[in-house]
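Predicted model, so just to flag it, every value in this text is computed and none were measured. The basis for the numbers below is simple: all heavy atoms, side chains too, and nothing from hydrogens, waters or symmetry mates.
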Amino acid sequence: MPRRPAPTADPSKIADLPSFKTMESYAAIIKVYAGIVRRISPIARLLGLNAAEHLLRAEEASKLASEVAGHLDLADRFNFLYVKRGWVAHGSMKHQALLDAIRLGEAGDCERGEEILASIYDEEHLTHTLMRMGSLEHFSDRLELATLAKEDYLAGRYHASVPVVLTLIDGLATDAAESNESFFSERANLTAWDSVEGHPTALPALKNAMCTPRQKRRTESIWIPHRHGILHGRDLGFANQVVAAKCWGTLFALGEWARRIEQGKRRAPPPEPQKGLLARWRSFTQQINNQQRWREWRSTSLRVGVDFPATGSIEDYRAGTPERLLVEFLTAWLRRDYGAMGKDASFGADVLSDSQKAGRVGKLFRPTRLDSFSIRAASHRAPTMVAFEVDLEVNARKLEVELHVVRENEDGDWLYADVGAGTWRLMNWETVGRNCFADSNRGC
């Protein structure tokens, strides 16, 4: 394999971000810890103590630490190879595709790497990522349009999906940015503190690649989503999967950036007290475990009628489960109890009082009357999300909807079912309410 190129001429690298440096320091601490355990284990055995379990854990942790340390520069390596081609590393990108694309690109085969990258934008990946973006303040109103663009993309109607996703990119950046500047504006500030996507070598560099002046009319196929050429009718050969996939990749990276902006993380926060060794150890191992679980996760189904009943009272569902939360929300809707519905709904990073939550939910659901519900199917769509297919009778009309329940912390970040202090909440209540229930004469 050829020598790995320098990630960028800019001395600042994504691997130098504070969170990456913290991970690097954690890895170094764990390696020191593993070395100490190796040295003392023979002495422990001589004293009759069982050090085998501690040694095994130390070796496993050291192996994970080495793996993480070797992955800290992945985003830099990826962007060096692919940003000018219209791709950017982002948090929702599939890890194996990232690794494969880097391996191929560094071997001189970026074309094959692009084929792999384009292939990851399948129905499951698009649906899951769009639903997560639906919790963003500045994207929730755009989710219906994004879903239509997804349907066009999956059907191969790239001539329809590409312009729509470009407008979604433009609008989301304009609403989320403090300066109210378009994503494609020369003055757009797409940076954010401690952000992979907001690093100068990421979204800002990708924007430059997509904003190349296109004055001449071209009929040949293009492979980069040149915004100006496409929307101003100069590039006529944009309707292909690669261009369409790059648009989705840009939108999803922008969504990660917008989430940090909405959480007030554009600039560095005040310095925090230095964590102790034990706290850093726990934080590091938790991050490693989370990454490993995302890589190994596979979708599984829940058995309605076996794991839980299709319908019933709240007490019929086990406390602390996603199905219990769903039934609590639907039962509150039956009773027109908007305060209870608000407590069960997800508002992302928004900090709202109980009365404000009730007001937002009530405004949307007050025109509707839920008469009955029955859960038809359920499946895990992500380690942190369960999707329920539910039959509803609303205003005497039968509807079929899909409701997504996620486990989140107080900041609106998603959590694994057995990690940290979190609460199950209904994520897409607003979209479902707006699109399916506000007008009871319209199907879902």
Chemist: Using the rule given for salt bridge (charged side-chain N to carboxylate O under 4.0 Å, His left out), can you reason through Glu197 versus Arg259, listing the C-alpha separation, both sets of side-chain angles and the distance that settles it, and then say yes or no?
Modeler: CA-CA 11 Å; Glu197 299 80 13; Arg259 190 174 301 280; over 6 Å; no

Chemist: Under 3.5 Å, is there a donor-acceptor pair between the side chain of Glu151 and the main chain of Leu148?
Modeler: no

Chemist: Any non-hydrogen side-chain atom of Arg260 less than 4.5 Å from a side-chain atom of Glu262?
Modeler: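 The answer is no, as the side chains (C-beta and beyond) never meet within the 4.5 Å cut-off.
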
Chemist: Could you tell me whether Glu328 and Arg425 have a side-chain N and a carboxylate O separated by less than 4.0 Å?
Modeler: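 No salt bridge links Glu328 with Arg425.
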
Chemist: When rounded to the nearest 0.5 angstrom, what distance separates SG in Cys247 from CE in Met210?
Modeler: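 Answer for the SG-CE pair, Cys247 versus Met210, is 5.5 Å.
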
Chemist: Which atom pairs, one a donor and one an acceptor, fall under 3.5 Å between side chains of residues 159-169 and the rest of the protein, sequence neighbours left out?
Modeler:
| residue | atom | partner | partner atom | Å |
| --- | --- | --- | --- | --- |
| Thr167 | OG1 | Val164 | O | 2.5 |

Chemist: Report the C-alpha separation of His228 and Arg234 in whole Å, then their side-chain angles, then the decisive distance to 0.1 Å, and conclude whether the side chain to side chain contact (heavy atoms under 4.5 Å, CB included) test is met.
Modeler: CA-CA 8 Å; His228 303 323; Arg234 309 313 292 160; over 6 Å; no

Chemist: Quick one: does His90's side chain get under 4.5 Å of Val196's, heavy atoms only?
Modeler: no

Chemist: Would you call Lys13-Asp16 a salt bridge at under 4.0 Å N-O?
Modeler: no

Chemist: Is there a side chain to side chain contact (heavy atoms under 4.5 Å, CB included) between Arg369 and Val394 once you walk through the steps?
Modeler: CA-CA 6 Å; Arg369 184 189 70 253; Val394 180; over 6 Å; no

Chemist: Quick one: are Leu254 and Leu190 in side-chain contact, heavy atoms under 4.5 Å?
Modeler: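 When only atoms from C-beta onward are counted, Leu190 and Leu254 do touch, with a gap below 4.5 Å.
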
Chemist: Say whether, by atom type as modelled, one donor and one acceptor occur between the side chain of Arg324 and the main chain of Tyr317 under 3.5 angstrom.
Modeler: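 Yes, Arg324 side chain to Tyr317 backbone: donor-acceptor pair under 3.5 Å.
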
Chemist: Any idea which heavy atoms bring Pro367 and Lys363 closest together, and the distance?
Modeler: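 Closest heavy-atom pair between Pro367 and Lys363: CD-O, 4.0 Å.
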
Chemist: Quick one: side-chain hydrogen bond (donor to acceptor under 3.5 Å, both in side chains) partners of Thr331, sequence neighbours excluded?
Modeler: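 Result, side-chain hydrogen bond (donor to acceptor under 3.5 Å, both in side chains) vs Thr331: none returned.
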
Chemist: Indicate yes or no: at least one non-hydrogen side-chain atom of Ile222 is less than 4.5 angstrom from one of Arg214.
Modeler: yes

Chemist: Return yes if some donor-acceptor pair links the side-chain N/O of Tyr82 with the main-chain N/O of Arg77 below 3.5 Å, else return no.
Modeler: no

Chemist: Taking the six-membered ring of Tyr338, is the NZ or CZ of Arg366 close enough (under 6.0 Å from the centre) and on axis enough (within 45°)?
Modeler: yes

Chemist: Would you call Glu256-Arg132 a salt bridge at under 4.0 Å N-O?
Modeler: yes

Chemist: Output yes when a side-chain donor or acceptor of Asp170 lies under 3.5 Å from a complementary backbone atom of Ser182, and no otherwise.
Modeler: no

Chemist: Looking at Lys207 and Ser185, would you say the former's side chain and the latter's main chain have a donor-acceptor pair under 3.5 Å?
Modeler: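 Yes, the answer is positive, given that a donor and an acceptor are paired below the 3.5 Å cut-off.
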
Chemist: Mark yes or no for whether Asn395, through its side chain, and Arg397, through its backbone, hold a donor-acceptor pair below 3.5 Å.
Modeler: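 Not at all, since once roles are kept as given, no pair shorter than 3.5 Å links the two residues.
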
Chemist: Quick one, Lys398 and Asp391 - any side-chain contact, counting heavy atoms below 4.5 Å?
Modeler: no

Chemist: Between Asp235 (side chain only) and His226 (backbone N and O only), is there a donor and an acceptor less than 3.5 Å apart?
Modeler: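 No, Asp235 side chain to His226 backbone: no donor-acceptor pair under 3.5 Å.
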
Chemist: Please report the shortest heavy-atom distance between Phe139 and Ala146, naming the atom on each side.
Modeler: CZ-CB, 3.8 Å

Chemist: Looking at side-chain heavy atoms only, is the closest gap between Leu330 and Leu392 below 4.5 Å?
Modeler: yes

Chemist: Decide whether Ser92 and His125 meet the rule of one side-chain donor and one side-chain acceptor closer than 3.5 Å.
Modeler: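 Side chains of Ser92 and His125: no pair found under 3.5 Å.
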
Chemist: Heavy-atom count around Lys94 NZ within 6.0 Å, excluding the residue itself: above 12?
Modeler: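 Yes - once you tally the heavy atoms of other residues, nucleotides and ligands closer than 6.0 Å, there are more than 12.
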
Chemist: Got a salt bridge between Arg112 and Glu115, using NZ or NE/NH1/NH2 to carboxylate O under 4.0 Å?
Modeler: yes

Chemist: Quick test of your reading: applying side-chain hydrogen bond (donor to acceptor under 3.5 Å, both in side chains), list the pairs with at least one residue in residues 215-225, sequence neighbours left out, ordered by first then second residue.
Modeler: none

Chemist: With side chains defined as the heavy atoms from C-beta onward, is the minimum distance between Met133 and Arg142 less than 4.5 Å?
Modeler: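 When only atoms from C-beta onward are counted, Arg142 and Met133 do not touch, as no gap falls below 4.5 Å.
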
Chemist: For Trp333 and Thr368, test the side chains for any donor-to-acceptor distance below 3.5 angstrom and give the result as yes or no.
Modeler: yes

Chemist: Determine whether Phe347 and Val361 make a side-chain contact, defined as any pair of heavy atoms from C-beta on separated by less than 4.5 Å.
Modeler: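 Yes, side chains in contact.
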
Chemist: For the pair Glu389 and Ile375, evaluate side chain to side chain contact (heavy atoms under 4.5 Å, CB included) and give the outcome as yes or no after the intermediate values.
Modeler: CA-CA 6 Å; Glu389 296 176 26; Ile375 304 173; over 6 Å; no

Chemist: Listing request: all side-chain hydrogen bond (donor to acceptor under 3.5 Å, both in side chains) pairs with a residue in residues 236-245, at least two apart in sequence or in separate chains.
Modeler: none

Chemist: Would you please test Trp248 and Leu130 for side chain to side chain contact (heavy atoms under 4.5 Å, CB included) and show each step?
Modeler: CA-CA 10 Å; Trp248 286 116; Leu130 286 175; 4.1 Å; yes

Chemist: Taking only residues two or more places apart in sequence or in another chain, which ones pass ring-ring contact (aromatic ring centres under 6.0 Å, His included) with Tyr158?
Modeler: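 Per chain and number, Tyr158 pairs via ring-ring contact (aromatic ring centres under 6.0 Å, His included) with Tyr153.
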
Chemist: Any chance the side chains of Ser346 and Glu408 put a donor and an acceptor closer than 3.5 Å?
Modeler: yes

Chemist: Which heavy-atom pair separates Gly320 from Trp424 by the least distance, and what is that distance?
Modeler: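 Scanning both residues, the minimum pair turns out to be O-NE1, 3.2 Å.
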
Chemist: Can you list everything that forms a side-chain hydrogen bond (donor to acceptor under 3.5 Å, both in side chains) with Arg335? Sequence neighbours excluded, please.
Modeler: none

Chemist: Taking only Lys NZ, Arg NE, NH1 and NH2, and the carboxylate oxygens of Asp or Glu, determine whether Glu123 and Lys150 approach each other closer than 4.0 Å.
Modeler: no

